[in-house]
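Residue numbers run from 1 in the order of the sequence given. In this text the structure is predicted, and so the values were computed from the model without any measurement.
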Amino acid sequence: MLHIENIGNKPTYECKSGKSIIDLTLTNNKSHQMVKNWKIDQNTLFSNHKIISFEVATNPPKPKVVRLPKNTNKKEYETSIKSKMEHYPLYGDLDTKANFLTNTILECYNIHTPTTTNKTKKPTKWSAEANR
C-alpha cells in the first residue's frame, strides 16, 4: 500500500498559468511511519517546482545477541555433556533418544557459551562525509 505524505493544500508547482499540487511524496507502509515534518519551501528559486523537505526518523538497529562457538568453555561443556549422558534413555523409541541428545547438546552449549552482541561497523570515510 502506498501513502501520500503531502500535508495541506499548498501548491508544489507554480507558474504564470497557474498552481497545482503535482509533486507527491509517496511511501510504503514501513517508511510511512518514519516520515516526519513534511513541508514545502515557499522560497524556491530558479524552478516552478517547490522544494519538498521532510525528516526520516530512524531507530538504531537493536544489537543481535549471538553465541560464538569459539568462546565456548570446552572443558566445562564436555563435562556437562558427559554428566547429562549418564541419564540417556536406554529404552524407548528413536525420536525420544534423538530429542534427549539434541536437548542435551543445546542446553550445555547455551550454558557454557556466553552471549555477545554483534559489533556495529565503523562508518566508512565516504558514508561519514555523506552524513554531513
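- Taking the side chain as every heavy atom from C-beta outward, Glu5 and His3 approach each other to under 4.5 Å.
- Closest non-hydrogen pair, Asp41 versus Lys50, comes out as O-CD, 3.6 Å.
- Side-chain contact between His112 and Ser80 is present, with at least one heavy-atom pair separated by less than 4.5 Å.
- With hydrophobic clusters built from ILVMFWY side chains whose heavy atoms lie under 4.5 angstrom apart, Ile4 does not share a cluster with Ile52.
- Checked by atom type, the side-chain pair Asn99/Thr102 shows no donor-acceptor distance below 3.5 Å.
- Clustering ILVMFWY residues whenever any of their side-chain heavy atoms sit less than 4.5 angstrom apart, transitively, puts Tyr77 in the very cluster that holds Tyr88.
- Looking at Thr113, its side chain does come within 3.5 Å of a backbone N or O of Tyr109 through a donor-acceptor pair.
- Of the N and O atoms on the side chains of Asn48 and Glu14, not one donor lies less than 3.5 Å from an acceptor on the other residue.
- Side-chain heavy atoms closer than 4.5 Å link hydrophobic residues (I, L, V, M, F, W, Y) into clusters, and following such links, even through other members, never connects Tyr13 to Phe54.
- At a threshold of 4.5 Å between non-hydrogen side-chain atoms, the residues Thr116 and Val66 count as touching.
- Thr104 places no side-chain N or O within donor-acceptor distance of the main-chain N or O of Lys84, the cut-off being under 3.5 Å.
- Separation of atoms OG (Ser31) and CG (Leu26) is listed at 9.5 Å; rounding is to 0.5 Å.
- Interatomic distance, CD of Gln42 versus CD1 of Ile51, reported as 11.0 Å (0.5 Å rounding).
- Side-chain atoms of Ser83 do not come within 3.5 Å of backbone N or O of Thr79 as any donor-acceptor pair.
- Heavy atoms of other residues, nucleotides or ligands lying less than 6.0 angstrom from CG of Leu106 number more than 12.
- Considering every non-hydrogen atom in both Pro69 and Lys74, the closest pair reads O-NZ, 3.7 Å.
- Lys97 places a side-chain N or O within 3.5 Å of a backbone atom of Leu90 that can act as its donor or acceptor partner.
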| task | For the pair Met34 and Thr27, evaluate side-chain contact (heavy atoms from CB on, under 4.5 Å) and give the outcome as yes or no after the intermediate values. | result | CA-CA 9 Å; Met34 300 165 63; Thr27 57; over 6 Å; no
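- For Ser47 (side chain) and His49 (main-chain N/O), a donor-acceptor pair under 3.5 Å exists by modelled atom type.
- The heavy-atom pair separating Asn6 from Asp23 by the smallest distance is ND2-O, 2.9 Å.
- Cluster membership for Ile40 and Ile21, using ILVMFWY side-chain heavy atoms within less than 4.5 angstrom, is not shared.
- Taking CG of Asn28 as the reference point, atom CD of Gln33 lies at 10.0 Å (rounded to 0.5 Å).
- Hydrophobic clustering of Ile, Leu, Val, Met, Phe, Trp and Tyr side chains at less than 4.5 Å, counting indirect connections, unites Phe100 with Ile105.
- The structure places NZ of Lys19 at 10.5 Å from CG of Asn9, a figure rounded to the nearest 0.5 Å.
- One N or O on the side chain of Arg67 and one on the backbone of Asn110 form a donor-acceptor pair closer than 3.5 Å.
- Side-chain contact between Val56 and Val35 is absent, with no heavy atoms from C-beta onward closer than 4.5 Å.
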